[in-house]
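The structure under discussion appears below in the form of structure tokens.
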Amino acid sequence: MPQTHCNSYYAATVNHVTDYPCLEGEHEVDVAIIGGGFTGVASAVELSERGLKVALIEANRIGWGATGRNGGQVTGSLSGDKALTRQLRRKIGAEAEDFVWNLRWRGHDIIKNRVEKYGIACDLKHGHLHTAYEPAHMGELTDSLEEAEQRGMGDRVSLLKASDVPDYLETDIYHGGLLNMRNMHLHSLNLCIGEARAAESMGALIFENSKVQRIDHGATPAVVTDKGRVKAKAVLLAGNAYHRLERGKLNGSLFPASLGNIATVKLGDEVARKLNPKDLAVYDCRFVLDYYRMTADKRLMFGGGTNYSGRDSKDIGEELRPAIERTFPRLKGVEIEFAWTGSAGIVVNRIPQLGKLSDNVFYAQGYSGHGVATTHIVGEIMANAITGTLEEFDAFAGISHIRLPLGEWAGQQMLAVGMWYFQLLERLRLSGRLPVKRSAAA
């Protein structure tokens, strides 16, 4: 059955409650897009701006999945960047580093320009702090600073010592941080719905509560629901972790991980200024990290505790409470008004998966928890590919991915074991029992 939005802060504070019709009857368009999250909606805007007739088909509500459940942070942390660079280096040589660096920041520009162009009210703000949870993390942050300076972005980033952190956060748990004023944070659901309304204003057809049953491949592919059908010149499957379509070709390539978020009661201006005086979004350097920010109405939104088993948390609020109180002792016993979980699509090598299921049926998925900016980059790449500019799409489509062959349940358990292994390596490195692995992630 179709579902409304979960009990999230985003759903409770949305600017516009969508009420698009269910897909019924026959329709014919240039491009049919399956999935009303950031990938599908961003692609719909791109294609509509180019004059194509688009139909967007969503099983529940626009932004119902991970798009409306994430931490709202827009950062240059491109998932799988090192693996992507290694593979691209074999194909395009030294240009691989430049290609990946530019990918990091392209989504920021797309989002900022789109918010301005269409007047989307989504609480967009600049400022992010990447914090060192352990002293060894400062090496990673120093590498990031040096790369940013070499790339001409030195005026937007600065390295903080432990003694600097209290000027930015009311906490003593960090050993420093990298301040980045190019990164942003925002109200994810309001952004997505605003973009959907922009696409609609350009003629896009949008259907909610319309679960796709199958894709009929052929010269003129069709998207079929239980009540309707959309014929198109091209189809884009943009459903990520929440659909079960095309299992023959996609099975074993992507697995859901449960991410949890909470929002406290309103804390008031004074408390908010004490906790986070610069109004920054924050996450730390750990493999399984905490991430948080202040909302526009002065709540703390706090997320973390990624669960790779494929099962949702029983009580994400109580699971996150120790981390909240450890970070901000002032909030001991604070009331949590909203608590929710969502599924992110995890790829084994963390590189987004872009490809074709047939000549004119495309797919895009797998942002591994780094999707707000990346989905907008992918939307542009997919629109380019569908309209005949294939260079960037081909670069991603040619990436070698790992498919786990033992069925989805077994694959999910293998993923969970693998993530546990990487967490163990991290703990050993931080304890000094293994060499610290340096990173250039910005």
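Side chains of Ile110 and Glu380 form a contact here, defined as non-hydrogen atoms less than 4.5 Å apart. Taking 4.5 Å as the limit, every side-chain heavy atom of Thr264 sits out of range of all side-chain heavy atoms of Ile324. Contact annotation: the side chain of Val348 never approaches that of His401 to less than 4.5 Å [non-hydrogen atoms, C-beta and beyond]. Here the side chains of Ile215 and Ile34 are in contact, with some heavy-atom distance below 4.5 Å. Within the 4.5 Å cutoff, the side chain of Cys6 has heavy atoms near those of the Arg69 side chain. Side-chain contact between Leu169 and Leu280 is absent, with no heavy atoms from C-beta onward closer than 4.5 Å. Annotation: side chain of Thr327 is in contact with side chain of Phe302 (closest heavy-atom distance under 4.5 Å). Looking only at side-chain heavy atoms (C-beta outward), Leu267 and Phe328 stay at 4.5 Å or farther from each other.
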Stepwise side-chain contact (heavy atoms from CB on, under 4.5 Å) check, Asn113 with Lys117: CA-CA 6 Å; Asn113 293 339; Lys117 180 176 182 179; 5.9 Å; no
side-chain contact (heavy atoms from CB on, under 4.5 Å) assessment of His126 paired with Lys112: CA-CA 10 Å; His126 285 268; Lys112 186 177 178 181; 3.8 Å; yes
Steps toward side-chain contact (heavy atoms from CB on, under 4.5 Å) verdict (His130, Glu140): CA-CA 10 Å; His130 192 183; Glu140 173 183 339; 3.8 Å; yes
Worked check of side-chain contact (heavy atoms from CB on, under 4.5 Å) between Tyr118 and Met202: CA-CA 11 Å; Tyr118 296 107; Met202 291 179 280; 3.4 Å; yes
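The two residues Asp290 and Asp284 have their closest heavy-atom pair at N-OD2, 3.0 Å. Considering all non-hydrogen atoms of both residues, Met184 and Leu124 come closest at SD-CD1, 3.6 Å. Among all heavy-atom pairs drawn from Gly68 and Ser8, the shortest one is O-OG, 3.9 Å. Across every non-hydrogen atom of Ile316 and Gly260, the tightest pair is CG1-CA, 3.5 Å. The two atoms that bring Gly194 and Ile120 nearest to each other are C-CD1, 3.7 Å, heavy atoms only. Closest of all the heavy-atom pairs between Arg299 and Ala263 is CD-CB, 4.3 Å.
Taking 4.0 Å as the cut-off between side-chain N and carboxylate O, Lys266 and Glu337 do not count as a salt-bridged pair. Remark: Arg106 does not engage Asp109 in a salt bridge, criterion side-chain N to carboxylate O under 4.0 Å. Between Arg321 and Glu318 there is a salt bridge, with a side-chain nitrogen of the basic residue lying less than 4.0 Å from a carboxylate oxygen of the acidic one. Electrostatic pairing of Glu46 and Arg114 counts as a salt bridge here, judged by a charged N lying under 4.0 Å from a carboxylate O.
Atom CD1 of Ile351 is separated from atom OG of Ser368 by 9.5 Å, given to the nearest 0.5 angstrom. Note that CG of Leu275 and CG of Leu331 are 5.0 Å apart. Values are rounded to the nearest 0.5 Å. To the nearest 0.5 angstrom, Thr131 atom OG1 is 7.0 Å from Ile173 atom CD1. In this structure, the separation between CD on Glu246 and OH on Tyr363 is 10.5 Å, given to the nearest 0.5 Å. Atom CD1 of Ile193 is separated from atom CD of Glu200 by 11.5 Å, given to the nearest 0.5 angstrom. The distance from the OG1 atom of Thr375 to the CD1 atom of Ile381 is 11.0 Å, given to the nearest 0.5 Å.
Not one N or O on the side chain of Glu97 forms a donor-acceptor pair closer than 3.5 Å with the backbone of Thr85. Tyr9 contributes no side-chain N or O that, together with a main-chain N or O of Phe338, makes up a donor-acceptor pair within less than 3.5 Å. Panel note: side chain Thr374, backbone Gly371; no donor-acceptor pair is recorded below 3.5 Å. In terms of modelled atom types and a separation under 3.5 Å, the side chain of His370 and the main chain of Tyr367 share no donor-acceptor contact. Not one N or O on the side chain of Glu195 forms a donor-acceptor pair closer than 3.5 Å with the backbone of Phe38. Not one N or O on the side chain of Tyr292 forms a donor-acceptor pair closer than 3.5 Å with the backbone of Gly304. Asn261 places no side-chain N or O within 3.5 Å of a backbone atom of Met301 that could act as its donor or acceptor partner. No donor-acceptor pair closer than 3.5 Å links the side chain of Gln365 to the backbone N or O of Gly345. Formation of a donor-acceptor pair under 3.5 Å by the Asn349 side chain with backbone atoms of Ala83 is not found in this model. Although no hydrogens or angles enter the test, the distance criterion places no donor-acceptor pair under 3.5 Å between the side chain of Asn70 and the main chain of Ala344.
Residues satisfying the side chain to side chain contact (heavy atoms under 4.5 Å, CB included) criterion with Ala281, sequence neighbours excluded, are Gln73, His128, His185, Arg293.
For CD of Glu95, the number of neighbouring non-hydrogen atoms (other residues, nucleotides, ligands) closer than 6.0 Å is 12 at most. Applying the 6.0 Å contact sphere to CD of Glu116 captures more than 12 heavy atoms from other residues, nucleotides or ligands. Other residues, nucleotides and ligands contribute over 12 non-hydrogen atoms within 6.0 Å of the CG atom of Asp394. More than 12 heavy-atom neighbours from other residues, nucleotides or ligands sit within 6.0 angstrom of CZ on Arg182. Crowding of Lys161 atom NZ: a count of heavy atoms from other residues, nucleotides or ligands under 6.0 Å not exceeding 12.
Checking Asn102 against Arg151 by side-chain atom types alone, no donor-acceptor pair falls below 3.5 Å. Looking at Thr13 and His187, their side chains do bring a donor and an acceptor atom within 3.5 Å of each other.
Separation of the Phe393 and Phe362 ring centroids falls under the 6.0 Å cut-off. Here Tyr283 and Tyr291 keep their ring centres 6.0 angstrom or further from each other. The six-membered or imidazole ring of Tyr133 lies away from that of His175, with a centre-to-centre distance of 6.0 Å or more.
The one candidate from Leu179, Leu141, Asn180 that meets the side chain to side chain contact (heavy atoms under 4.5 Å, CB included) condition with Val157 is Asn180. Screening Leu236, Leu237, Val235 for a side chain to side chain contact (heavy atoms under 4.5 Å, CB included) with Val361, the sole residue that qualifies is Val235.
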